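Given the structure is predicted, the values throughout are model-derived calculations rather than measurements. Quick note on labels: first sequence line is chain A, next is B, and so on, each numbered from 1.
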Protein chains: 2
Amino acid sequence: MLEQISASKSEILDAAAHCFMTLGADAASIDDIAASLGSTKGRIYHHFPSKGALLAAVQLRAARFTYGAVQAVIDERLTPEACLHKMAQAHVLEVLRSLPYHKVILQTFTGARGKSPSKAAEEGLQAQVRAEQRQYTELFAAQVSRGMANGTFAPRTLRVTVAGLMLTLNSPVFWYQSGRGDEQNFRKTVADDLAEMALASLRA
Amino acid sequence: MLEQISASKSEILDAAAHCFMTLGADAASIDDIAASLGSTKGRIYHHFPSKGALLAAVQLRAARFTYGAVQAVIDERLTPEACLHKMAQAHVLEVLRSLPYHKVILQTFTGARGKSPSKAAEEGLQAQVRAEQRQYTELFAAQVSRGMANGTFAPRTLRVTVAGLMLTLNSPVFWYQSGRGDEQNFRKTVADDLAEMALASLRA
DNA sequence: GAAGAAAAACATACTCAGTAGTCTGTTTTT
DNA sequence: AAAAACAGACTACTGAGTATGTTTTTCTTC
């Protein structure tokens with residue numbers, strides 16, 4: 001699970017995430033990524049067998065970033081409400097920290113799978129990405145479900161509710177731009193606002 | 001504003017929206033769209049000067065679909081809460097009706113503008129798309145703002161709040177699949193659930 | 001309302017740029 | 001010395017856009 005990643009590989013992933021974010025996962029070429037590293041294709045293809053594999057690696061890392069950050073604050077002894085609030089804050093802050101990775105996730109999360117006959121290997125990778133993503137949202141679904149049974153949350157379609165919840169928490173991915181002074185404070189504000197909105201949307 | 005669109009042009013837009021949705025706006029080729037129409041490139045390039053223009057046309061239509069549906073139910077005499085509720089329902093129902101168009105919007109809404117030096121014409125079209133989209137969200141922002149001043153909504157960062165709101169209302173774009181029996185009822189349920197969630201997320 | 005001209009609505013066959021992936025060197029580390 | 005980590009040149013293919021031909025519609029004019 002914890003596949004140790006070399007420094008060079010990690011650097012490539014960062015560059016790839018950044019290019020995929022700014023240019024789009026399809027439009028960004030391997031040469032673009034290599035150029036942004038001051039390198040050439042050779043370096044990338046030495047570490048990743050194909051562009052699809054590279055993309056999948058970026059997506060997996062995105063999922064694991066948030067998974068790690070959120071799992072660390074889960075405490076079953078808390079009420080579902082309190083627990084979800086901490087999870088929501090942690091999620092938003094982590095998304096803002098590793099923004100490029102999550103922008104890539106959103107791009108390929110629209111259900112638009114290309115048309116490439118994608119070598120079975122790629123198909124497997126994409127399946128793994130989806131599996132880990134679902135596993136992650138399960139963390140939230142569990143608390144929501146607990147809260148609904150509890151009576152603190154309004155009884156609604158679980159799938160619809162959780163989907164809406166995750167979208168709210170991921171909304172900065174669509175508009176957040178780093179580089180404006182006062183980063184730290186603004187991020188905290190955004191995390192608090194969204195966490196409160198998300199919780200409020202659930203309450204009965 | 002109301003640029004009359006011919007039947008053939010409209011048919012092309014539908015096919016384009018469908019292809020962009022299933023294959024992704026980048027991966028879908030003009031030939032793909034033509035093939036799905038039982039035609040060839042010639043037909044498409046006769047009506048649209050470029051792929052970018054076609055894409056922009058799809059996006060503009062998406063914005064106008066929802067704009068028309070929502071504007072029709074706005075009634076300033078209602079409380080911000082009641083008005084927003086009706087707007088939210090109308091928005092979701094319209095999104096579900098013209099789903100392919102809105103999937104395309106989301107795909108290109110991640111801020112990933114390609115790298116093409118895009119002839120100034122395309123740049124202008126994209127600007128127009130963004131303008132009409134912003135104009136549309138203004139309809140919602142106005143009511144939210146009214147409600148915050150009113151005291152019925154919690155005082156939060158307006159931009160963040162509205163962004164989260166729109167995302168919640170657009171969430172079906174990510175997971176809704178048509179073709180399961182009981183369409184009408186399910187759509188109504190989704191619209192009601194999301195409208196209530198959205199409103200709940202705003203209340204003080 | 002028929003004949004013919006003009007324009008619109010396509011089809012077909014090309015060009016050409018960009019890009020994923022490969023193959024063979026060359027350098028650096030172990 | 002051997003293996004890992006790259007660079008650079010090359011191939012094969014896809015896909016946007018074009019240029020020209022062909023069909024259909026529309027618009028006249030008798």
Side-chain angles (χ1 to χ4, degrees), chain A residues 3-16 19-20 22-58 104 107-108 112-123 125-126, chain B residues 3-16 19-20 22-58 104 107-108 112-123 125-126:
Chain A
E3 304 165 23
Q4 187 72 344
I5 35 181
S6 73
S8 178
K9 217 168 174 177
S10 177
E11 196 185 359
I12 293 176
L13 284 177
D14 283 345
C19 284
F20 287 154
T22 55
L23 299 173
D26 284 288
S29 71
I30 299 289
D31 289 306
D32 291 330
I33 300 169
S36 87
L37 282 165
S39 308
T40 65
K41 290 167 111 95
R43 179 175 174 189
I44 295 177
Y45 275 101
H46 177 72
H47 290 279
F48 300 93
S50 72
K51 183 181 177 180
L54 177 58
L55 179 59
V58 170
V104 175
Q107 277 180 23
T108 56
R113 258 165 281 154
K115 57 189 164 183
S116 55
S118 46
K119 316 298 173 194
E122 312 251 323
E123 205 63 50
L125 278 179
Q126 284 300 325
Chain B
E3 302 165 25
Q4 187 74 341
I5 36 181
S6 73
S8 178
K9 218 167 173 179
S10 176
E11 196 185 359
I12 292 176
L13 285 177
D14 284 345
C19 284
F20 287 155
T22 56
L23 299 173
D26 285 288
S29 71
I30 299 288
D31 289 307
D32 289 330
I33 300 169
S36 87
L37 283 165
S39 308
T40 65
K41 289 168 113 99
R43 179 174 172 190
I44 295 177
Y45 276 100
H46 177 71
H47 290 279
F48 301 92
S50 71
K51 184 181 178 182
L54 176 59
L55 179 59
V58 170
V104 175
Q107 277 179 24
T108 56
R113 259 166 280 155
K115 57 188 162 182
S116 54
S118 46
K119 316 298 172 194
E122 312 250 323
E123 206 62 50
L125 277 180
Q126 284 300 325

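B/E122 approaches B/A53 most closely through the heavy-atom pair OE2-N, 3.8 Å. Shortest non-hydrogen contact noted between B/K51 and B/A28 is NZ-O, 2.8 Å.
Residues satisfying the side-chain hydrogen bond (donor to acceptor under 3.5 Å, both in side chains) criterion with B/S39, sequence neighbours excluded, are B/R43. Scored by the side-chain contact (heavy atoms from CB on, under 4.5 Å) test, A/A57 finds A/L13, A/F48 as partners (sequence neighbours excluded). Annotation: side-chain contact (heavy atoms from CB on, under 4.5 Å) contacts of A/S10 (sequence neighbours excluded): A/D14, A/R61.
The backbone N or O of A/F20 lies less than 3.5 Å from a partner atom in the side chain of A/Q107, making a donor-acceptor pair.
In this structure, the CZ atom of B/F48 is 15 Å from the P atom of D/dA16, given to the nearest Å. Remark: P of C/dA13 and CZ of B/R43 are 19 Å apart, rounded to the nearest angstrom.
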Could you check A/L125 against A/L55 for side-chain contact (heavy atoms from CB on, under 4.5 Å), going step by step and ending with a plain yes or no? CA-CA 10 Å; A/L125 278 179; A/L55 179 59; over 6 Å; no
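Between C/dC10 and B/T40, no contact under 4.0 Å exists linking OP1 or OP2 to a side-chain N or O.
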Distances under 3.5 Å only, N/O to N/O: pair up the protein atoms with those of nucleotides 6-8 of chain C.
none

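Across every strand in view, C/dT30 sits in a pair with D/dA1 that passes the Watson-Crick or G-U test at under 3.5 angstrom.
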Going 5' to 3' along nucleotides 14-28 of chain C, which nucleotides have protein heavy atoms under 4.0 Å from the base (write B), which only from the sugar-phosphate (write S), and which from neither (write -)? -----SBBB------
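Sorted by first and then second residue, the side-chain hydrogen bond (donor to acceptor under 3.5 Å, both in side chains) pairs involving residues 26-35 of chain A (not counting sequence neighbours) are A/S29-A/D32, A/D31-A/K41, A/D32-B/K115.
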